[in-house]
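Everything on this sheet refers to the single structure shown next.
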Amino acid sequence: TSLDYIAQHDGATCTLLLSENIQAGRWTDTAEADLGMVWFEKPGECSRVNECRDAGDRPQKIEYARPSSYHPDGVVVSYCDGHQEFLSERIDYRVYQQLMSPDSFGVFLYHADGQELEIALAMEADQEVTDAAGMRVAVEDGGLTGWVIRTRQPLLIADLQTDPTPIPPKHITQPARSWLGVPLIARDRLVGAISTQCFRPNAFDKGDRRILESLATQVAIAIENARLYEAQRQQADELAQLHRASATLFFAPATDLPTLAQNIVEAILSEFGQANCSLLRLNPSTNELERIGAAGQYVPQVMQARLALDGPGLVPLAVRTKQIVNVADVLTHKNYVANWDRARSEMAVPLKVGDRVIGVLDVQSSLPAAFGPVDERLLTTFAERAALALENATLYQETARRAEEMASLQEIGLATVSSLSLDRVLVAIYEQCRAVLPCDTFYIAFYRPGEHSITFPVFIHHGVPTDVGPQEYKAGEGFT
């Protein structure tokens, strides 16, 4: 109900607004036992004024949502018209009930990042308008409330039908006749606005505006404190997520790149709440992006897809631009290449080591606009760690392979000087080459210049020695 409703019925001078309460909680609390005042049709233990004062700190029971203090004989209370008085603890409970009237108003939150106005609470005729809760509009399209937020000034319109307004009003439900709104400002930071409306003209005056401004100061501080707390809690949750996800980077052996890639994509699904994820590695020799890890519902469809670095697709675009590509609706993006028939949104995060892109983390969803700023922030941070782990694994593999090559060359050298048998030397050469190179077919050829021919003392095809006689040699024919 509006202040006008209270004035027309019980009266602002006879309606309680604020009271002392020993067990009251913080302004950011929402439970009636922590923050409000209630009355019971049949009062029980602790529900009367000043009863159960020694119950301790915040017992979390609805009976303690009553006026209480350590003053002898009563409590100090404030009424809706702004005056204060001492309320006797011996007041008849029926009279106390009559001093309680529900207080309702619309609360709007301001989001500076998107210049948007969010409806946090909308009440009409003592009923919450649930369909409006959470609705967002641009501040410039927010009607009179948007004007209050832009100007940071209160606004009182006695009659919306006859009095001038700074901008045309907009109504969520039934059009009002009188309108009162004040900004919510805490520590010089704009938080939002409170708006009270009435369906009759001339419902509000300057006294109502002062009361609402006083209330707005307390509400703004409470909302700002709650937002700061929520931001700190979210930051702590994100750090915990990153810590758990980063731990998976050390579970796979450094030489097992496929297992490391699979651990990465599965961590993104389990810790960051994504539905589908792939890890693609850039192959500089072929200029292609190879999918080396995937998890989620779309795996059967996407695993065989190949992407060229200079071709279409959101993943190649992320590699070329070295920037996140976040598309709310892939069906409208010109660079999108379909590889999952249910995809609606996609985000590609480049894996960078320094200024060099080594691959991409790609997440997709069947829902439009599934990836927001939090997803971008978390996956970007995780991608930095994942890129380093992948680079270290790749370098480890290259180092191990070079060590094997050097060992094989050393073995070949030892074989050539440790045996006088040509056949043993040639077989040793084959064994060491096979250890470091793919050898579907291997042969050693001797050239005989006087006979213009070549012989094959060693010719092995798929691991089976084959007898190949001397071949006539002609210059320019065949690779050998």
Side-chain angles (χ1 to χ4, degrees), residues 237-284 286 288-307 309 313-319 321-327 339-340 343 345-366 370-400:
D237 290 345
E238 291 179 4
L239 289 174
Q241 287 177 297
L242 285 170
H243 176 74
R244 291 192 300 268
S246 299
T248 64
L249 302 177
F250 308 103
F251 288 162
T255 56
D256 192 350
L257 191 61
T259 300
L260 175 60
Q262 194 62 30
N263 284 353
I264 289 173
V265 296
E266 289 178 359
I268 290 175
L269 261 62
S270 62
E271 295 299 338
F272 302 135
Q274 303 300 339
N276 300 282
C277 180
S278 291
L279 194 157
L280 298 96
R281 184 178 61 172
L282 176 62
N283 188 336
T286 62
E288 288 186 338
L289 288 152
E290 303 169 346
R291 202 178 306 265
I292 60 175
Q297 300 174 352
Y298 73 166
V299 169
Q301 294 187 39
V302 303
M303 281 305 295
Q304 303 304 320
R306 302 177 66 88
L307 295 171
L309 180 60
L314 302 181
V315 171
L317 180 62
V319 177
T321 61
K322 301 181 180 181
Q323 300 290 330
I324 289 180
V325 177
N326 188 357
V327 178
N339 55 20
W340 181 40
S345 55
E346 182 175 358
M347 181 168 66
V349 183
L351 293 164
K352 295 191 291 185
V353 177
D355 194 48
R356 181 169 55 91
V357 178
I358 65 171
V360 173
L361 285 176
D362 181 61
V363 290
Q364 297 185 29
S365 174
S366 59
F371 311 112
V374 174
D375 300 298
E376 289 189 11
R377 183 170 62 249
L378 283 173
L379 287 182
T380 298
T381 304
F382 181 66
E384 294 172 357
R385 305 178 184 184
L388 290 175
L390 291 166
E391 181 74 354
N392 289 339
T394 302
L395 292 175
Y396 187 95
Q397 287 185 338
E398 291 179 355
T399 302

Handout entry: Test item: Asp362 side-chain N/O and Ser278 main-chain N/O as donor-acceptor pair under 3.5 Å
Key = no

Handout entry: Any Ile292 side-chain heavy atom under 4.5 Å of Pro258 side chain
Key = no

Exercise for the section: Please answer whether the main-chain N or O of Ala294 pairs with a side-chain N or O of Gln262 as donor and acceptor at a distance below 3.5 Å. Expected result: yes

Handout entry: Side chains of Glu290 and Asn283, donor plus acceptor under 3.5 Å
Key = yes

Exercise for the section: Report the residues that fulfil side chain to side chain contact (heavy atoms under 4.5 Å, CB included) with Glu384, sequence neighbours left out, ordered by chain and then residue number. Expected result: Thr380

Handout entry: Partners passing side chain to side chain contact (heavy atoms under 4.5 Å, CB included) against Ala387 (at least two apart in sequence or in another chain)
Key = Leu351, Val353, Ile358

Handout entry: Min side-chain heavy-atom separation Leu390-Ile264 under 4.5 Å
Key = yes

Completion exercise
One should read off an interatomic distance between Arg356 CZ and Glu391 CD, to the nearest 0.5 angstrom, of 4.5 Å

Practice task
Ignoring hydrogens and angles, tell me if any N or O in the side chain of Lys322 forms a donor-acceptor pair with the backbone of Val357 under 3.5 Å.
Solution key: no

Exercise for the section: Check whether the side chains of Tyr298 and Ser366 place a donor and an acceptor atom closer than 3.5 Å, and report yes or no. Expected result: no

Fill in the blank from the handout: So CD1 of Ile268 and CG of Asn263: to nearest 0.5 Å the spacing works out to 11.5 Å

Handout entry: Heavy-atom check, side chain of Arg291 versus side chain of Asn339, under 4.5 Å
Key = yes

Practice task
Would you indicate whether the side-chain heavy atoms of Val360 and Val319 approach each other to under 4.5 Å?
Solution key: yes

Handout entry: Partner residues of Phe371 under the ring-ring contact (aromatic ring centres under 6.0 Å, His included) criterion, sequence neighbours left out
Key = none

Exercise for the section: Starting at CD of Glu288, measure out to CG of Leu280 and round the result to the nearest 0.5 Å. Expected result: 11.5 Å

Exercise for the section: Check whether any side-chain heavy atom of Pro350 lies under 4.5 Å from a side-chain heavy atom of Ile324, and answer yes or no. Expected result: yes

Handout entry: Met347 CE to Leu314 CG distance, which is reported to the nearest 0.5 Å
Key = 12.0 Å

Practice task
Answer yes or no: is there a donor N or O on one side and an acceptor on the other, between the side chain of Asp375 and the main chain of Gly372, under 3.5 Å?
Solution key: yes

